[in-house]
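Just below is one structure, and these are the notes that go with it.
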Amino acid sequence: MEKLKKAAEYAVSALLGAGADKAQVSVSSGDSEEFNVDAGEFSLIRSVFSSGISVKAIKDGKKGTAAVNRLDKESIDEAVRECMESATAGVPDDAVTVAEKEINTDFVSGTLTPDKGAFFDSLIRFTEDIKREFPQIMVEQLIATYGHGKCVTANSNGVLFTEEDGNYSVSVMYSAHDGERATSFNSFGFDFLDPNTDIMNTGIPRTMFSRAVKELDAVPFDGKFCGTAVFSPLCLSDFISIIEGSFAGDYALIEGISPWKDKLGLPVANDCFTLSVIPNDDRIVCGEKVTADGYRSENFDVIKNGVLNSFCLSEYGARKTGLARAKSTSGCIAVAPGKESFADMLKKIDRGILVCRFSGGEPANNGDFSGVAKNSFLIENGKLTDALTETMISGNFADMLMHIEAISADTVSDGSSVLPYVAFGNVTVSGK
C-alpha cells in the first residue's frame, strides 16, 4: 500500500507542478487466481497481476484525463503529460471539480488471503453436482476467480483514501441439451467470501438450471394480452439499471428529458416499493467504499415507500443541475421484500408472464419500451405453465412502477444486489 500511496502523492504533485489548478488520481494494483471450465471440463488455471493509475487535472475550468497500466516514474510522467494536453485542449466547464476533503480512511474488507485448495474443491463439487442433478445442462464456460485488490484515491484537496479487499466469484454460461433440442445460452454470477461455499445451494444455480431444463420444451406464444409481468431477481436488476440511467442519471437530468425531473419528494412508484443503494450492507461482498468522484460511499434510498428520495447523480451531474450528489456510485442495489412468497404471488395472477431475461433497447424519453422476454414462462390460473420461446413484451417503465401488484418475500442475494420477484401490471405480451 505504501508504494501506491507514494505513486498517488507523486502524481498529484506532478500534475500541480505541470500547471493544474486541481488534481485527482486513483492508483490500483491487484492479483487474481482464476480457474476456467470449458464445455464441462477444467481447461485453465492461471494467476493474473495488474496495476495502473488514472489521473485527472483541471486547469482554467477545463478537464483532462489519462490512464496508464504501469506505476514506474516514467509511465506516471507520461500520464501527467497526456492529462495536461487533454486539459489544455478541453472546453471550460464550471461543473468540473475534484472531491472535497472528508475524513481520510483506510478501508479493509473481505478475504485477503485465498485458500486455493478449498476453493478448487468447491468448484469440483459444483461441477459434479451439475452432472449428477442436471445431466442435460452443458456448462459452456465457468470462470471462477479469487481477486485481491488495493487502491489509493488522492487529490489536491488533501483527500487520501486507501482500500484493500478480496473475494471469490463464480460466473457461469450454460445451456440445456437433449438430443437435437437445445436452449439458448443463459448466464449468472455471484460473489462470496468463504472458499468452502456450497455453490449449488447458494440459491441461484439450482433455480437457473431447473428452468433451463424446462425450456427444452419451450413453445411459441400465440396471441396478445395486457396483464402481469413478473420479473425475476436477475432480470429486475437489469430493469432497475435502465430506470436509474434513463430517469435518475446524469444524462437524463442534465438534458431535462427525465420523466422524474420534477418528481423529487413525490410518488413515482406504488407505496410498497423501496429501492436502495447499499454498498455498506453486510449482504454486499466488498462493496464500494469510495465513489467514482472520490467521496466516502454511503447507503441511501432512491425510492422510499414509492416516493422519489434521491437521484443517482455524479458530482458533475449535481453541479450541472443544482441537485444533490448521490451518496454512492456503486450499483449495489436492494429492493425491499414483500410479505408473501413467490408461490403465493403466482396464485393471484390469472394470466401473465415470468420474465427471466429481457433484451431491448433504451426506452423512449417518456419510458415507453418494447423488447424480447427470454428464458420466460407463461403464468395461467396462478401457476407457471409453458416455457416460452422469445416473446415480445411492451409497456411503459414509469407506469409499471406505479402499477406494482406484488413483491415477493423471497430474495436472491448475489453479493452485489439483494432483489425479490416483482409483479408489474399493464404490460402487453405479444406472440405470433
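The pair Arg46-Glu33 does not meet the salt-bridge criterion, since no charged nitrogen lies less than 4.0 angstrom from a carboxylate oxygen. A salt bridge does not link Glu163 to Lys150: none of the charged nitrogens lies less than 4.0 Å from a carboxylate oxygen. A salt bridge is absent between Glu102 and Arg296: the closest approach of a Lys/Arg side-chain nitrogen to an acidic carboxylate oxygen does not fall below 4.0 angstrom. The pair Asp93-Lys320 meets the salt-bridge criterion, with a side-chain N (NZ, NE, NH1 or NH2) lying under 4.0 Å from an Asp/Glu carboxylate O.
Taking the ring centroids of Phe397 and Phe369, they lie under the 6.0 Å cut-off. Checked against the 6.0 Å centroid criterion, the rings of Phe424 and Phe239 qualify as a close aromatic pair. Annotation: Phe35 is in aromatic contact with Phe120 [ring centroid separation under 6.0 Å].
Counting non-hydrogen atoms of other residues, nucleotides and ligands closer than 6.0 Å to NZ of Lys263 gives a total of 12 or fewer. For Arg181, the CZ atom counts as densely surrounded, since its 6.0 Å shell holds more than 12 non-hydrogen atoms of other residues, nucleotides or ligands. Annotation: Lys327, atom NZ; neighbour count of heavy atoms from other residues, nucleotides and ligands within 6.0 Å does not exceed 12.
Using a 30° and 60° split on the angle between ring planes, Phe188 and Phe190 fall in the parallel class, below 30°.
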Quick one: do Glu390 and Lys374 satisfy salt bridge (charged side-chain N to carboxylate O under 4.0 Å, His left out)? Show the steps, please.
CA-CA 5 Å; Glu390 295 186 353; Lys374 300 183 176 184; 3.7 Å; yes
Does Val27 form a side chain to side chain contact (heavy atoms under 4.5 Å, CB included) with Leu71? I'd like the steps, not just the answer.
CA-CA 8 Å; Val27 186; Leu71 299 181; 3.6 Å; yes
For a side-chain hydrogen bond (donor to acceptor under 3.5 Å, both in side chains) check, start with the C-alpha distance between Asn396 and Asp368, then their side-chain angles and the critical distance, and finish with the verdict.
CA-CA 4 Å; Asn396 180 281; Asp368 285 347; 2.8 Å; yes
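Each of Leu354, Thr183, Asn375, Asn186 was evaluated against Arg211; a single residue qualifies, Leu354, per the side chain to side chain contact (heavy atoms under 4.5 Å, CB included) test.
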